Amino acid sequence: MYFNCHTVFSFKYGTLSIEKLYAEALRCGVQKIALTEINNTTSYIELLRLREEKKETHPELPLLDIAVGIEFRNGHDLLYIALAKNNNGFEQINRFLSYHNREEKEFPVRAPEFEDVLIVYPFGKTEPETLRENEFIGVRSHQLTKRDFQTTYKILPQKFVAWHPVTFQTKVDFNTHRLLRAIDKNLLLSKLPPHEQAQPDEMMMPESGLKKNFVNFPELIANANTLLSQCSIDFELGTDKNK
């Protein structure tokens, strides 16, 4: 149910290589992930290519199911995560991304009315009662005790999903991430504010660990799995025309 995975293609943010992300998923027994780089989809083809290589060289290993989306940000401000349900959704989010890049416009704080795209807002970014049918709110484990979450969750439990981003592999990688963020902001590491960096727990773990973190709200795990199960892209890797 990891629908928010980053790699080094999330420039000056993620520290995981494509190979390490794949290996972490296998190590943790994860069957499906969604690759959601910050403001790009560049790594998707590389992950698909790696999966095909693993299928040929290690047929005994389970085959990782891969979905794709985009984590839309203005600067470091995370607005929403867009998950493509199918090829049409993938095209829509890329057209949306390309338009704003080409016109040098900031992304709107509210996602447009996409078709075949699921949207997840970080908890606190929008009110649950304003959500469209395809929109949800992601909740981190440390936010479960917040009174405003518990109040709204009782009213609209189907609109909340467990949210655990994956950005690095180890605590050492977290320090590397902080250095990258300091470089990006042109700041001394000691001056890097907390809101400009990821949470230190953004590492992949087995499903049992996630269930433990959300033990009092198991529906959030189920909702996240349901969300991810709707996302699948039909993409066939071709051959290099130069060969």
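On a predicted model such as this, the values are computed, not experimentally measured, just so you know. Hydrogens, waters and symmetry mates are skipped; everything else that's a heavy atom, side chains included, is used. The chain is numbered in sequence order, starting from 1.
Within the 4.5 Å cutoff, side-chain heavy atoms of Leu83 are placed close to those of Ile81. Side-chain contact between Gln199 and Pro194 is absent, with no heavy atoms from C-beta onward closer than 4.5 Å. Residues Thr36 and Ile70 fail the side-chain proximity criterion, which asks for heavy atoms closer than 4.5 Å. Annotation: side chain of Glu129 is not in contact with side chain of Ile155 (no heavy-atom distance under 4.5 Å). In this structure the side chain of Val166 never reaches within 4.5 angstrom of the side chain of His6, judged on heavy atoms. Looking at heavy atoms from C-beta onward, Tyr121 lies out of side-chain contact with Phe136 at the 4.5 angstrom threshold. Here the side chains of Trp163 and Val120 are not in contact, with every heavy-atom distance at 4.5 Å or above.
Ion pairing between a basic and an acidic side chain is recognised when a charged N comes within 4.0 Å of a carboxylate O; Glu135 and Arg110 show such pairing. With respect to the salt-bridge test (charged N to carboxylate O, under 4.0 angstrom), the residues Lys125 and Asp77 qualify. Salt bridge annotation for Lys159-Glu133: absent, with no cationic side-chain nitrogen under 4.0 angstrom from a carboxylate oxygen. Taking a cutoff of 4.0 Å between a charged side-chain nitrogen and a carboxylate oxygen, Glu53 and Arg49 do not qualify as a salt bridge.
In this structure, the separation between CD on Gln92 and CG on Asn87 is 11.5 Å, given to the nearest 0.5 Å. Expressed to the nearest 0.5 Å, how far NE2 of His164 lies from CE of Met205 amounts to 4.0 Å. Note that CG of Asp116 is 13.5 Å distant from CZ of Phe90, once rounded to the nearest 0.5 Å. Rounding to the nearest 0.5 Å places CZ of Arg181 at 14.0 Å from OG1 of Thr176. Atom CD1 of residue Ile38 and atom CG of residue Leu78 lie 7.5 Å apart, to the nearest 0.5 angstrom. Here Thr152 contributes atom OG1 and Ile137 contributes atom CD1; the two are 6.5 Å apart, rounded to the nearest 0.5 Å.
Taking hydrophobic clusters as Ile, Leu, Val, Met, Phe, Trp and Tyr residues chained together by side-chain heavy-atom distances below 4.5 Å, Val215 does not share a cluster with Val139. Hydrophobic clustering, with ILVMFWY side chains joined whenever heavy atoms are under 4.5 angstrom apart, groups Leu79 together with Ile119. At a threshold of 4.5 Å between side-chain heavy atoms, the hydrophobic network of Ile, Leu, Val, Met, Phe, Trp and Tyr places Phe3 and Phe123 in two separate groups. Under the 4.5 Å side-chain heavy-atom criterion for grouping Ile, Leu, Val, Met, Phe, Trp and Tyr, Val117 is connected to Tyr80 within one hydrophobic cluster. Both Leu61 and Leu50 belong to a single network of hydrophobic side chains, linked directly or stepwise wherever heavy atoms of I, L, V, M, F, W or Y lie under 4.5 Å apart.
Residues Gln197 and Arg178 have side chains that bring a donor and an acceptor to within less than 3.5 angstrom of each other. Checking Asn86 against Ser232 by side-chain atom types alone, no donor-acceptor pair falls below 3.5 Å. Side-chain contact of Glu37 with Ser43: a donor-acceptor pair under 3.5 Å is present, judged by distance alone. Looking at His100 and Glu106, their side chains never bring a donor and an acceptor atom within 3.5 Å of each other. Between the side chains of Lys105 and Tyr99, at least one donor N or O sits under 3.5 Å from an acceptor N or O.
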Margin query: Working note: Tyr2 + Leu210, criterion side-chain contact (heavy atoms from CB on, under 4.5 Å); need CA distance, chi angles, decisive distance, verdict.
Written below: CA-CA 10 Å; Tyr2 290 98; Leu210 278 177; 3.4 Å; yes
Check: Run the salt bridge (charged side-chain N to carboxylate O under 4.0 Å, His left out) check on Glu196 and Lys191 step by step: do they pass?
Finding: CA-CA 10 Å; Glu196 288 287 350; Lys191 299 294 184 180; over 6 Å; no
Next item on the list: Start with the C-alpha gap between Glu71 and Asn39, add the side-chain angles, then the distance that decides, and say whether side-chain hydrogen bond (donor to acceptor under 3.5 Å, both in side chains) holds.
Entry: CA-CA 6 Å; Glu71 182 180 301; Asn39 296 345; over 6 Å; no
Checklist line | Criterion side-chain contact (heavy atoms from CB on, under 4.5 Å) on Leu64 and Lys32, from CA distance to verdict | finding: CA-CA 6 Å; Leu64 182 66; Lys32 185 171 184 177; 5.6 Å; no
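For CG of Asp148, the number of neighbouring non-hydrogen atoms (other residues, nucleotides, ligands) closer than 6.0 Å is greater than 12. For Glu104, the CD atom counts as loosely surrounded, since its 6.0 Å shell holds 12 or fewer non-hydrogen atoms of other residues, nucleotides or ligands. Counting heavy atoms of neighbouring residues, nucleotides and ligands inside a 6.0 Å radius, atom CZ of Arg147 does not exceed 12 of them. The local environment of CD in Gln31 is sparse, with at most 12 non-hydrogen atoms from other residues, nucleotides or ligands closer than 6.0 Å. Environment of NZ in Lys12: crowded, with over 12 heavy atoms of neighbouring residues, nucleotides or ligands closer than 6.0 Å. Atom CD of Glu103 is surrounded by more than 12 heavy atoms from other residues, nucleotides or ligands within 6.0 Å.
Across all non-hydrogen atoms, the minimal contact from Met203 to Phe168 is CG-O, 3.3 Å. Between Phe214 and Ser141, the shortest heavy-atom contact is CZ-N, 3.7 Å. The heavy-atom pair separating Gly75 from Arg73 by the smallest distance is O-CB, 3.5 Å. For Arg132 against Ala111, the heavy-atom pair with the smallest separation is NH1-O, 2.8 Å. Closest of all the heavy-atom pairs between Ala84 and Cys231 is O-CB, 3.4 Å. The minimum heavy-atom distance between Ile66 and Leu48, with the atom names listed, is CD1-CD2, 4.1 Å.
Here Leu189 sits in one hydrophobic cluster together with Leu179, Leu187, Leu192; the rule is ILVMFWY side chains under 4.5 Å apart, joined directly or through other members.
Note: Tyr44 and Phe235 have perpendicular aromatic rings, judged against thresholds of 30 and 60 degrees for the angle between ring planes. Classified by interplanar angle (parallel below 30°, tilted 30° to 60°, perpendicular above 60°), the ring pair Phe107/Phe72 is perpendicular.
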Residues 14-30 side chain polar contacts: donor-acceptor under 3.5 Å, at least two apart:
unit_1: Ser17; atom_1: OG; unit_2: Lys20; atom_2: N; d: 3.0
unit_1: Glu24; atom_1: OE1; unit_2: Arg27; atom_2: NH2; d: 2.9
unit_1: Glu24; atom_1: OE2; unit_2: Arg27; atom_2: NE; d: 2.9
unit_1: Glu24; atom_1: OE2; unit_2: Gln169; atom_2: NE2; d: 3.2

Show which side-chain atoms of residues 217-229 pair as donor or acceptor with protein atoms under 3.5 Å away, not counting sequence neighbours.
unit_1: Glu219; atom_1: OE1; unit_2: Tyr153; atom_2: OH; d: 3.1
unit_1: Asn223; atom_1: ND2; unit_2: Pro157; atom_2: O; d: 3.1
unit_1: Asn223; atom_1: ND2; unit_2: Phe160; atom_2: O; d: 2.8
unit_1: Asn223; atom_1: ND2; unit_2: Glu219; atom_2: O; d: 3.4
unit_1: Asn225; atom_1: ND2; unit_2: Ile221; atom_2: O; d: 3.4
unit_1: Thr226; atom_1: OG1; unit_2: Ala222; atom_2: O; d: 3.0
unit_1: Ser229; atom_1: OG; unit_2: Asn225; atom_2: O; d: 3.4
unit_1: Ser229; atom_1: OG; unit_2: Thr226; atom_2: O; d: 2.7

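No donor-acceptor pair closer than 3.5 Å links the side chain of Ser10 to the backbone N or O of Tyr13.
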